[in-house]
Amino acid sequence: MSAPAREVVLGRIGEVSRRSDAVPKVTGEFAYSSDLHAAGMLWGHTVRSPQAHARIVGIDTSRALTMPGVHAVLTHDDVPGEKLYGLEFRDQPVLAIDRVRYFGEPVALVAAEHPEQARRAAEQVRVEYELLEPIVDPERATEQAPLHPDRPTMGRGYRDDERPNVVRSLVIRHGDPDARGDVSVSGVYDVGIQDQAFLGPESGLAVPDGEGGVDVYVATQWLHVDRDQGAPCLGVAPGQVRIRLAGVGGAFGGREDLSMQIHGSMLALHTNRPVKIVYSREESFVGHIHRHPARILSEHRATREGRLVCVRVRVLLDGGAYASSSTAVTSNAASFACGPYKVDNALVESLCVYTNNPPCGAMRGFGAVQSCFAHEAQMDKLAAALDIDPVELRLLNALESGDVMPTGQVIAGKLPVAEVIRRCAALTPPEPEELPRDPLRLPGGSGNTTRGEGVRRGVGFAVGFKNIGYSEGFDDYTAARVRLHRTADGELSAEVHCAAAEVGQGVANVILQTARTELETEDVVLAAATTSAVGSAGSASASRMTWMAAGAVQLACRDALAEHRRTGSDVDLERTYRHPRTTPLDPETGQVTGERAHVAYACAAMRVVAEVDVELGLTRVVWIGTVQDVGRAVNPSAVEGQIEGGTAQGLGLALMEEIQTRDGLITNASFTDYLIPTTLDMPPVASELVEDAEPDAPYGVKGVGEPPTVVSTAAVVSALRAATGRELARVPVRPDDIVGL
Amino acid sequence: MNIELRVNGEPRELEVWEGESLLFALRERLGLPGSKNACEQGECGSCSVMLDGKLVCSCLVLAAQAQGHDVVTVEGLAEDGNLHRVQEAFAETGAVQCGFCTPGFVVATADLLARNADPSEDELREALSGNLCRCTGYAKIFDAVRLAASR
Amino acid sequence: MRPSILSRPPSTLRAVDVLSPRSLEAALLLKAERPDAVPIQGGTDVMVELNFDRGRPPTLLNLNEVEELRGWSRENGTVWLGAGLTYTEAMEPPLSELLPALAEASRTVGGPQIRNRGTIGGNLGTASPAGDAIPPLLVGDAQVKLVSLRGERVVPLHEFIVGPKRNAMSDDELIAGVHVKPVSGRETFMKIGPRNAMVISVVSLALRVDGDVHAAFGSAGPVPTLVRASTDDVHTLPERVADAASPIDDVRGTAEYRRHALRVLTKRALERCLA
C-alpha cells in the first residue's frame, strides 16, 4: 500500500511547488492550535451572554470557584490593564463590564483541570441580566438609543455623521449624480450573514513565562496586531506577549479579530499554569465576526446603446455590536459598488451601523462580495432591458488601466477586465447530460427528489473586482529577516523569518520560493512565525500576503546577498517592505486625496451552468468556468486551489450559507444548520489565469484569494435567474424564492 | 474508567472519563491529535477513523464503546516510514491547503479505495460527501483520489 | 509545543456509568435495574447531546456488543430488521431490493461515516419528526418489537411514535427491531434539503404502491405521518398529503414551502410508482 518516495520539486517563482507543510498535514503530525499541550495545562472556558442586549446587574462567581478542579474564575474586574480592545477601534470589552451587546459576548472565564469541569463551573457562574430592547433592524438603528454613546469610530477622519449608531457613513460623488440615460433599471438586493466556517475552531495555548509575560500559541492572521491589542489589556509591555503562530485550520478573515488570545493569557497569568482554550463549533459560530449582511439599492442609467451613464447606489451594512473592521468594509462596498465598469457619473452612499446582531468584520471579499452581487444583477437586468447580450454589455463598459474610478482614482496598474470577460465567455461549458441519471447528478442530489421533472438549465455570467492590500492611508508593511551563511562545503544556506500567517493559502511556499529565487539556492528554511524574532508582516488579509511577503523577502534576500558578497561573512538582517502609499478618501466627497486610495485591483469573470428544479426550488451547479487576473502566479497549483476554494465559498453564499438570527440570537450555530458546500455541491471549475505583471509589485504578483469569492455568488445567482426567470434579489437563494412562495 | 483497545495495531490501555468520545481519547489521552475536532457532531468527517474496518466519525463513538475494538487513525496509515499512497497523492496534487480536513479525507479515501479500486466520479463524490473542506472546493482532492487510484 | 498526553482524568468528574452488556438478556436486566439508562448504539444522536453539553445522562447503556440486535432476516413473509441494523446495511442488496424506499432513505442520511454507525433502532428511539427511516417504515406497515424482562410486545410504528422525540416505550424496555412488509409493487423515498448531501430533511416523503397507496411524510408535523389512498383516488393524494401535514417555520424551511413541496413530491412519487 505504501508509495515510494517521489522527488519533490521545491520550486522557485512561477513553478508548481509542493507545499512545505504537505507531508505533516497528510500524516496528521502537523500541530494545529487545538493540538497543543503543555505540562500542568489547564483548560479554559468562556462564559458567554445568552442575551443580545442586556444590562449586567451582577456577576456571582463564588459557586463556580468552589467547583471541583477549578483554578480560576475571572471577570472584567480581573482584566489587569485596559478593559477595552479592538482591531481598529477600542470599543470592545475584554469581558463584558456593565452591558452585553451581542449574543455570545464573553462575560467570564473559567480554568479547570478537565474541560468538563470547566464547562460545569461555567454553568455555575451566575450572571444577572436586565434585558434591554435589542436593536436588530439596521434600517432603524440610526434612530435608536446609541449602543456606543462615546462614538468610538468618529474623529478619525471619516465623515462626521451625527446620527446614533453610525459606524461609518461614506458618500462618493462623481461627475453629475443626476445625469440621466435613455434607460434605467433598479433593484433592491439583500445579502444574508455569511460565516467563514473555517474547519479548525478557534483555539490556542497560553503559557506563562514566570516573569509576568506570556507565550501565546494561537491560530491567527496577524501576530503583531494580536500582541499590540493584548499587551495593554494584560498590563504588560508588548515584548512580554509573544504571539507564536500555531497551525491554522483556515481563516478567511475570521481570525483577524481576537478570540482566546487575551482570555487565555489572563487565565495563564492568573493561575501561573499553561491554559488551553478550544472553542466548540457552536462557540466558534457565536464567538467570531461574520460577513456583513447588506441591503443595496441600485439604479443604473444607460444609453440605448448600453453605455453606463450614471450609477446610484445605497449600501446599508449591519456591523453588529462592535466596529471590528467595519469602517474599511463600508469603504470597500462603496468603492466597488459600480462594478469594474466605466462610470462617469455616480452617487454611492454607504452606511454601516451598530446593532445587537452578531458582530461583523472581515471575510474573504470584504465588502466587494455584497456589491458584486448587486451590480452584476443590475447588469443582467440592464442587458435584458436593452436586449443586449449580457457579455457584450459588460465588454462595452469594461474598465481598463488609465480609467478613472468613481473615487477619482486613476487605475495606474493592470486591470484586464475586458480580457477576463472575453476569455471567460469563450470557455465552453459541457453539453447537457442525458436522462436518466443517478439522482446525485440532479438538483436535490442524494435526496432523490427528481428524475428530471421540473429541471431547467441556465447559464450565468458575472464579473467582479477588488482591491489588493490595505487602503486609505493605512501604513501597511511587511518585515522579513534573512540569516545567511556558507555551509562547510561552501554552499549558501538561508534561514528566513517572516511573521506572515500561513493560514492554508500557501504563503510559506511563496516565502520559500522567493528566497530560493533570489538567493539561487535550495537550502532555505522558513523559521516558525513569532513576534519575538521579526517585525510585523501585517495581516494575511485583503489578498495582500503574497505581494507583501514576496516584496519583503525579496528585499531582505537581495540586501543580505549584497552584504554577504561585500563582507564574505555571515549575515543577519531585517528589511521592511511597503507597497505604494495610499491616502484617505475625502470625508465629504469620497474622492481620493492623493494618487490612490487603493493600492491595486484584481478582477475575475465567471461563467456558471446550473440546473434548477423549478417546482421544488432545488439546484445543482453543473459547471463553472472562470478567468482571473492574477498578475503573476507564484505557484500555479496553489493559485488554482485558491480559485476553486474561493469559488466554493461564493457558491455557498449563493445557495445555502446564512447565519440566522431571531431578535439578535443566532439560531443555527452548528454544521447541521449552517450548511457549507459538500462534494456533491461543488462542480468542476475550469480556470484560466491572465498573467499581466502588476508594475509596482514584486515579480508582478497580485493577490488571488478574494476575486473568486467576489464574483462567484453573483455568477451562480445569474445562472439561477437564467434557469428560472425570477429576480432572485436575495442571497442565499431559498427554495421558496425559486418556487415563488 | 479503564479501557483497552487496539490503536494502529498496538494494544493500548487508558483511563477515560465515561462521557468522553473516542475522538477526545485519541487526541488528548493517546497523543494522536491527527483526528480533528471540527464539529463534534458527525457533520464534517474531520475526525474520521476506521473502527473494526468501518469508516466512522470518532466524535460519535463513546470512548467506552471502543473497549476491545480495533481503531486505525490517520497516524496509522503510513507503513515503514513511507506515506500511504493516498497521503502521497494528497501531498502531490495540492489537495491540502489549511489541512484541517485532510486527515479525515485521507482516511475516508483510503477506505473508499480499499472497497472500490477504481471509483467513478459519482462514487468518489458520494464516498467523500461526509467530509467537509472549506479551503479547496474539493477539485484537487478529487485529483488526489484519482491519482491514488491509478497507482 | 509538541503534542503530549493528558494525565489521567481527575477523579472529581461527575460519574457517568457506561454499561456494555454482551447479550440482550443482560441488557434487559440492566435496563430494568437502571431505568434512567440511555441506550446508545451508533451514537449519532446521543453523542451529539454529550459533545454539545446538552445532557449528562447518569447512565449509558451501550448496545454495540449485543449480537441479537444486529442484522436482518426474512420471517413469515415479513422482513425483520434488528434495531442495530445500520443505514449502510440497509442500502445493500438483497435487503435494498426488498425495501427500496428504506435503502433510498438510508442513502440520504448524513455521510458514509454516519450511515456506517447510525441504526434503525436509534432512529426509532430518537423518534424525531425528521427521522429519515421512519416514513419508509411507515409505508411498510412496520411493527416495532419492544422487549423487557416483563416480556415483549409489538406496537405498530404509527402508535409507537407519540410526539416529537417521544415514543411509547416504558423505562425498562428496549427496541429489539421491526417487522416490515417487503414491497411487492413499487415504492420510493424523497427528501428535500438545502444542499445535495448531508442534510436534515426539510421535508421527506415515502410512497408505496402495493395494492393500495401508502404515503408517509417527515418533517412536516410533530410526528411522521401516514396517509392511505386507494389506487382509484390517487389524483387527490397530493392535496390530501399536504392537508395532513402541520408544518412549522424553522431554521430549515418555511411551513408554506413544506406543504408545497409535499404536493410536488407526492405527485412525482405517484408517477414513479405507478409508471
Side-chain angles (χ1 to χ4, degrees), chain B residues 1-3 14-25 27-34 37 39-69 75 104 107-108 111-112 115 125-132, chain C residues 2-20 22 38 40-65 86 88-89 91 107-118 122 195-200:
Chain B
M1 70 184 289
N2 211 53
I3 62 169
L14 67 152
E15 184 94 15
V16 298
W17 173 57
E18 293 81 351
E20 286 172 7
S21 66
L22 175 60
L23 174 65
F24 189 90
R27 289 175 52 77
E28 308 294 345
R29 304 201 181 283
L30 293 174
L32 294 169
N37 55 319
C39 80
E40 298 191 78
Q41 59 174 152
E43 293 280 355
C44 77
S46 304
C47 64
S48 296
V49 301
M50 302 303 292
L51 175 65
D52 296 338
K54 286 205 162 57
L55 182 72
V56 305
C57 288
S58 59
C59 71
L60 297 185
V61 178
L62 194 65
Q65 289 182 299
Q67 159 71 36
H69 292 275
E75 289 97 340
V107 173
D111 172 54
L112 166 67
R115 290 181 290 108
R125 282 178 180 264
E126 187 169 25
L128 298 179
S129 64
N131 294 76
L132 295 178
Chain C
R2 297 298 305 165
S4 68
I5 300 165
L6 188 66
S7 55
R8 60 178 44 224
S11 57
T12 49
L13 280 166
R14 182 167 145 192
V16 176
D17 288 336
V18 182
L19 311 172
S20 293
R22 306 193 73 84
V38 173
I40 175 168
Q41 182 68 267
T44 55
D45 287 327
V46 176
M47 286 304 292
V48 176
E49 300 289 303
L50 281 174
N51 293 343
F52 274 39
D53 207 28
R54 288 179 191 144
R56 285 286 175 269
T59 310
L60 291 164
L61 184 60
N62 169 29
L63 299 175
N64 278 191
E65 310 300 331
T86 65
T88 299
E89 289 163 347
M91 289 164 65
R107 195 184 185 190
T108 73
V109 175
Q113 293 89 334
I114 303 303
R115 302 197 279 271
N116 282 342
R117 286 287 289 170
R195 69 180 171 192
N196 289 339
M198 273 220 294
V199 283
I200 307 285

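Computed over heavy atoms, backbone and side chain alike; hydrogens, waters and symmetry mates excluded. So that the names make sense, note that chain A is the first sequence line, chain B the second, and so on, each numbered from 1.
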Can you see which heavy atom on C:Pro112 is nearest to which on B:Ser129, and at what distance? CD-OG, 4.0 Å
Excluding sequence neighbours, so at least two apart, what forms salt bridge (Lys or Arg N to Asp or Glu O under 4.0 Å) with C:Arg56? A:Glu116, C:Asp53
To check you understand the geometry: which heavy-atom pair defines the closest contact between B:Ser21 and C:Asn51, and what is its length? CB-OD1, 4.1 Å
Minimum heavy-atom separation for C:Ile114 to B:Gly42, with atom names? CD1-O, 3.4 Å
Does C:Asn62 use its side chain to pair, donor to acceptor, with the backbone of B:Gln65 at less than 3.5 Å? no
Looking only at heavy atoms, what is the nearest atom pair of C:Val18 and B:Ala64, with distance? CG1-CB, 3.7 Å
Quick check for you: among B:Val56, B:Asn131, B:Leu128, which has the greatest number of heavy-atom pairs under 4.5 Å with chain C? B:Val56
Between B:Leu23 and chain C, which part of the residue has a heavy atom less than 4.5 Å away: side chain, backbone, both or neither? neither
Gap between atom CG of C:Asn64 and atom CG of B:Asp52 - 0.5 Å precision: 9.5 Å
Pick from B:Leu14, B:Leu62, B:Asp111: which one has the most heavy-atom pairs with chain C under 4.5 Å? B:Leu62
Given a strict heavy-atom distance threshold of 4.5 Å, which part of B:Cys59 is in contact with chain C: side chain, backbone, both, or neither? both
Can you name the nearest heavy-atom pair linking B:Gly45 to C:Gln113, along with the distance? CA-NE2, 4.0 Å
Which portion of C:Leu50 sits near chain B, non-hydrogen atoms under 4.5 angstrom: side chain
Give me each pair satisfying salt bridge (charged side-chain N to carboxylate O under 4.0 Å, His left out) with a member in residues 40-50 of chain B, each pair once, sequence neighbours excluded. B:Glu43-C:Arg195
Picking from C:Thr44, C:Val46, C:Asp45, what satisfies side chain to side chain contact (heavy atoms under 4.5 Å, CB included) with B:Leu60? C:Thr44
If one checks every heavy atom of C:Glu65 against chain B at 4.5 Å, the contacting part turns out to be side chain
Would you mind checking which part of B:Leu32 comes under 4.5 Å of any heavy atom in chain C, side chain (CB onward), backbone (N, CA, C, O), both or neither? neither
Quick one, B:Val61 and C:Arg117 - any side-chain contact, counting heavy atoms below 4.5 Å? yes
